[in-house]
Amino acid sequence: MAVGIQSKRARRASDEMPREIPLESVRNIGFAAHIDAGKTTTTERILFYSGRVHRMGEVDDGDTTTDWMEQERERGITITSAATTITWRGHRVNIIDTPGHVDFTAEVERSLRVLDGCIAVICAVGGVQPQSETVWRQANKYNVPRLCFINKMDRVGANFHDVLHQMRSRLGAHVMAVQLPIGSEQEFEGVVDLVSLKALRYRGELGTEWEEGPVPEDMAFEVEAFREHLVLTLAETDSEMEMLYLEEREPTEEELRGALRRATCACKLVPVLCGSALKNKGVQPLMDAIVDYLPSPADVPPVEGTDPESGQVEVRHSSPDEPFAALLFKVTADAHTGKLSYLRVYSGECKKGTALLNARTGKRERLNRILRMHANKREEMEAASAGDIVAAVGLNASTTGDTLCDQKHPILLEAIHFPEPVISVAIEPKTKADEEKLQQALERLEAEDPTFTRRTDRETGQLIVSGMGELHLEIIKDRLLRDFSVGAKAGAPRVAYKETVTRLGRGEGKYVRQTGGRGQYGHVVVEVEPAPPEGGFTFEDATKGGVIPKEFMSAIEAGVREALESGVVAAYPVVDVVVRVVDGSTHEVDSSDVAYKIAASRATRAAVQNASPILKEPIMRVEVVTPEAHMGDVTNDLNARRAQIERMEPAPGGCQAVTALVPLATTFGYATDLRSLTQGRATYTMEPAHYAPVPPDVHAELVS
């Protein structure tokens, strides 16, 4: 029986970050999961075993590396994604730890956009939960290869095989176990590796020592069945394994790992591992799997973009020899350096001090400093190369989703799309002295977080801020006080309703003003019609015969957009519409941009009024897990909130899981009400689902 020991000397040696690592030995990976699945705890163990930190922090103690914000440490949750870098087995692994709470889903979205691989952490007790499904869909959207780590195998109620079944049924995932647990709950002591056919049992509390031995006798039949299934599945997805299978030759360990890597990189399979991060078991095999199975930047397809001038497709291969191209995927306000811009470098190489082109704005930006981040700590770098994830200082005119590229070889990469905010509050400074500071602080927060917006209500003059949920706005308010020293008062949360139209409507707008000198003249006729759900706003010029000179179209579009900011039903923004300019007239002398903008705004409001406008409200998908004894109270309460119950199914521990679609307007204070109904025994999760028309009685109340 072999004994594995990871010595302190080995961990210190691995902490010495090699400067030159081939692209094939780089991994850009992230952790994504439902809240409280154990992402941050797993990341903390990885940092310890790689030698990046020399003491393991705990979420409950508020001293983990990647949860460095005060708000994160107090609440025990991840709020902002944190980047760090380790070395393991001669490979550089860039890691992003993402939040699990649905209010901060934008952090997951922008992280998955730039990563080459992802580890989905799933609780062995809770199984596949709503946010697990959300992050899985986000990973599918960007075609990100995945591993799955079934965590908390030591917890009461842990069931490895049940989670595998849930992943197949609820996620539609082609999962493949590459490990089996040795025991579960209090009896969990290690794993059997189905590739090497060895059992790993951990000794000691730190998880740095383990015994390597044969497969336990009582697991021999189960291991043989799962191993055979692994080989057969790989033979169906990989041509090299298919040949071995047809020749009836047992594959070697290296051949199995190679086939698993090819299938994972092609998103044909999701290898599944297991362990208990909190009890320090099974983390090193996960680190090995990251190196063995997830792709390097050289393994992923070349990135595509467009030439900002010609619109032709441009391709950049992941190589330092190609022209430089990087995507700015995150902006943060830093107390020491001002603005930090996080970049994923897709191609080329760039030294600090180099001038780059912002392909969206056409402006030049100078890369003053390049930093490798370790949560909120930083290391200076001389250059950034293909495959790197770095932070940059000096990109003051660039924002999330912008492309930075070689000035002689411009390319515009696909931007990142974020969900619309669903909840708003009015906010005002506590004192006159806080007024200007509040505006500056909100501007910086808006630059950091694409799902946080601010606007001034044209009717009341109030400053309205919007976000993804009550917790999101609570964190914003907390940061205003702590990070920016701004005193602010917030009103009660209110729903971000939208307005839209249900049929074709036509409107005419004129603005004519005669004075002693040159006057003002603008005349516009527009049609408004519904766009598909989530279709946004589309502007079309359908005029003929030059009735309106083309140079005024940009002013007309600006007037249309201004009118749509405040609808005619209840002054909420108008969405999912096509606005078409169909007619108008001009004056040889008096026509101007200002006149056409005002005329277009009036025409649009008239057209919306004639297009049977309606209100739409955000609908949330809520999953409540409650003991069976309280099931009736929970469902009755949901029905009283205008809920549409989708499904009810058994959950671990004698509970029931209820999934329902509930209008956001009825969910304020739900956490307190649910605790009262179930004596604090039920839990729930909530995420945005879609917008739907408001019922007539609610519509009348809102309009009044």
* **Electrostatic pair E557:R561 at N-O distance under 4.0 angstrom** => yes
* Please check if the side chain of R146 supplies one atom and the backbone of V144 the other of a donor-acceptor pair under 3.5 Å. => yes
* Work out which heavy atom in L395 is nearest to a heavy atom in L328; give both atom names and the distance. =>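 Taking L395 first and L328 second, the nearest heavy atoms are CD1-CD1, 4.3 Å.
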* For K363, does its backbone N or O pair with a side-chain atom of T361 as donor and acceptor, under 3.5 Å? ->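 Flag set: sc T361 to bb K363 pair under 3.5 Å.
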* Asked: Counting heavy atoms not belonging to Q312, are there more than 12 under 6.0 Å from its CD?
  ->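 Atom CD in Q312 is not packed in, count stays at 12 or less.
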* To do: Determine yes or no for a side-chain-to-main-chain donor-acceptor pair under 3.5 angstrom, with D402 supplying the side chain and T399 the backbone.
  =>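 Pair found, side chain donor or acceptor close to backbone of T399.
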* N-O pairing of R444 and E446 below 4.0 Å -> no
* Side chain of T502, backbone of S612: donor and acceptor closer than 3.5 Å? -> yes
* Asked: Any chance NZ of K550 has more than 12 other-residue heavy atoms, nucleotides or ligands included, within less than 6.0 Å?
  ->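 Enclosed: over 12 neighbouring heavy atoms sit under 6.0 Å from NZ of K550.
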* **T626 and T678 side chains, donor-acceptor separation under 3.5 Å** =>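 Side chains of T678 and T626: no pair found under 3.5 Å.
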* Structure fact -> So the salt bridge (charged side-chain N to carboxylate O under 4.0 Å, His left out) pairs with at least one residue in residues 665-674 (sequence neighbours excluded) are R641-D673
* Is NZ or CZ of R344 both nearer than 6.0 Å to the six-membered ring centre of Y346 and within 45° of the ring axis? -> yes
* When rounded to the nearest 0.5 angstrom, what is the spacing between CG in L664 and OH in Y497? ->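 Between L664 CG and Y497 OH, I get 8.0 Å after rounding to 0.5 Å.
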* Does the R113 side chain pair with the main chain of E414, one donor and one acceptor, at a distance under 3.5 Å? ->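 Such a contact is found between R113 side chain and E414 backbone.
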* Chi angles and distances behind the side-chain contact (heavy atoms from CB on, under 4.5 Å) call for Y342, T332 -> CA-CA 8 Å; Y342 285 75; T332 62; 3.8 Å; yes
* How many angstroms lie between CG in L564 and CZ in F537, if you round to the nearest 0.5 Å? -> 5.5 Å
* To do: Could you pull out the closest heavy-atom pair between V578 and A531, with the gap in Å?
  =>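 The pair with the smallest heavy-atom distance is CG2-CB, 4.0 Å.
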* Close side-chain approach of I476 and D478, heavy atoms under 4.5 Å ->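 SC-SC contact between I476 and D478 ruled out.
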* To do: Answer with yes or no whether the side chains of E646 and T659 bring together a donor and an acceptor at under 3.5 Å.
  =>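 No, no side-chain donor-acceptor contact under 3.5 Å.
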* Asked: Do L445 and L480 come within less than 4.5 Å of each other through their side chains, counting heavy atoms only?
  -> yes
* Any side-chain heavy-atom pair of H472 and D449 under 4.5 Å ->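 Yes, their side chains come closer than 4.5 Å.
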* Are F484 and L438 side-chain neighbours, meaning at least one heavy-atom pair lies under 4.5 Å? -> no
* Asked: Do K141 and E109 meet the salt-bridge criterion of a basic N to acidic O distance under 4.0 Å?
  -> yes
* Okay, side chain of E499, backbone of P573: is any donor-acceptor separation there less than 3.5 Å? ->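 No; zero donor-acceptor contacts below 3.5 Å.
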* Asked: If only atom types and distance count, is the side chain of E365 paired as donor or acceptor with the main-chain N or O of S398 below 3.5 Å?
  ->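 At least one qualifying donor-acceptor pair exists.
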* **Under 3.5 Å side-chain donor-acceptor pair for R454 and Q439** => yes
* Which is it for L674 and V634 under the side-chain contact (heavy atoms from CB on, under 4.5 Å) test, yes or no, and what are the steps along the way? -> CA-CA 7 Å; L674 185 64; V634 169; 4.0 Å; yes
* Measure from the side-chain N and O atoms of N610 to the backbone N and O of R506, and report whether any donor-acceptor pair falls under 3.5 Å. =>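 Yes, the answer is positive, given that a donor and an acceptor are paired below the 3.5 Å cut-off.
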* Do we get R170 above W136's six-membered ring, with its NZ or CZ under 6.0 Å from the centre and within 45° of the axis? -> no
* Asked: Taking C-beta and beyond as the side chain, do I556 and I548 meet within less than 4.5 Å on heavy atoms?
  ->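 Contact flag for I556/I548 side chains = yes.
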* To do: Give, for atom OG of S566 and atom CZ of R605, the distance between the pair rounded to the nearest 0.5 Å.
  => 5.5 Å
* H690 side chain near P533 side chain, heavy-atom distance below 4.5 Å -> no
* Asked: Does R580 pair with E529 as a salt bridge, N-O distance under 4.0 Å?
  -> yes
* Tell me yes or no: between the side chains of D583 and H523, is some donor less than 3.5 Å from an acceptor? => no
* Structure fact -> Heavy-atom closest pair (A441 atom, V486 atom, distance to 0.1 Å) is CB-CG2, 4.2 Å
* Asked: Got more than 12 heavy atoms from elsewhere within 6.0 Å of CD, E551?
  -> yes
* Closest heavy-atom contact between A496 and Y691? -> O-OH, 2.8 Å
* Asked: Out of H587, K597, Q520, which residue meets the side-chain hydrogen bond (donor to acceptor under 3.5 Å, both in side chains) rule with S592?
  ->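 The passing option is Q520.
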* Asked: Are there more than 12 heavy atoms of other residues, nucleotides or ligands under 6.0 Å from atom CE of M648?
  -> no
* **Ion pair check, R479 and E474, cut-off under 4.0 Å** =>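 Judged by the 4.0 Å cut-off on N to carboxylate O distance, R479 and E474 do not form a salt bridge.
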* In terms of side-chain heavy atoms, does T431 have a donor or acceptor partner in D434 at a distance below 3.5 Å? ->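 Checked: T431/D434 side chains pair up, N/O donor to acceptor below 3.5 Å.
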* Tell me, please, which residues at least two apart from T543 pass side-chain hydrogen bond (donor to acceptor under 3.5 Å, both in side chains). =>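 Once residues adjacent in sequence are excluded, the partners of T543 under the side-chain hydrogen bond (donor to acceptor under 3.5 Å, both in side chains) criterion are D541.
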* Do L171 and E133 touch side chain to side chain, with heavy atoms closer than 4.5 Å? -> yes
* Asked: Would you call R642 and E617 a salt bridge, using N to O less than 4.0 angstrom?
  -> yes
* **Atom CD of E540 with >12 non-hydrogen neighbours under 6.0 angstrom** => yes
* Asked: What closest approach, in Å, do G522 and A599 show between heavy atoms, and which atom pair accounts for it?
  ->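 Nearest pair, atom of G522 first, then A599: O-CB, 3.5 Å.
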* How far apart are the C-alpha atoms of L327 and V114, what are their side-chain angles, what is the distance that settles it, and do they pass the side-chain contact (heavy atoms from CB on, under 4.5 Å) test? -> CA-CA 8 Å; L327 185 73; V114 299; 3.9 Å; yes
* Once you round to the nearest 0.5 Å, how far does OG of S466 lie from CZ of R455? -> 6.0 Å
* Nearest heavy-atom neighbours spanning L638 and A660 ->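 Looking at all heavy atoms of both residues, the shortest contact is CD1-CB, 4.4 Å.
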* Asked: Just wondering, more than 12 heavy atoms not from R168 lying within 6.0 Å of its CZ?
  ->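 Atom CZ in R168 is packed in, count exceeds 12.
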* Asked: Does D637 use its side chain to pair, donor to acceptor, with the backbone of D633 at less than 3.5 Å?
  ->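 Side chain of D637 to backbone of D633: no pair is present.
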* Asked: Does S601 use its side chain to pair, donor to acceptor, with the backbone of I598 at less than 3.5 Å?
  ->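 Looks like no, no N/O pair under 3.5 Å.
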* Gap separating the OG1 atom of T586 from the OH atom of Y596, nearest 0.5 angstrom -> 3.5 Å
* To do: Verify side-chain contact (heavy atoms from CB on, under 4.5 Å) between I645 and V658, making sure each step is shown before the conclusion.
  => CA-CA 7 Å; I645 295 178; V658 185; 4.1 Å; yes
* Got a second to check how far F329's CZ is from T400's OG1, nearest 0.5 Å? -> 9.5 Å
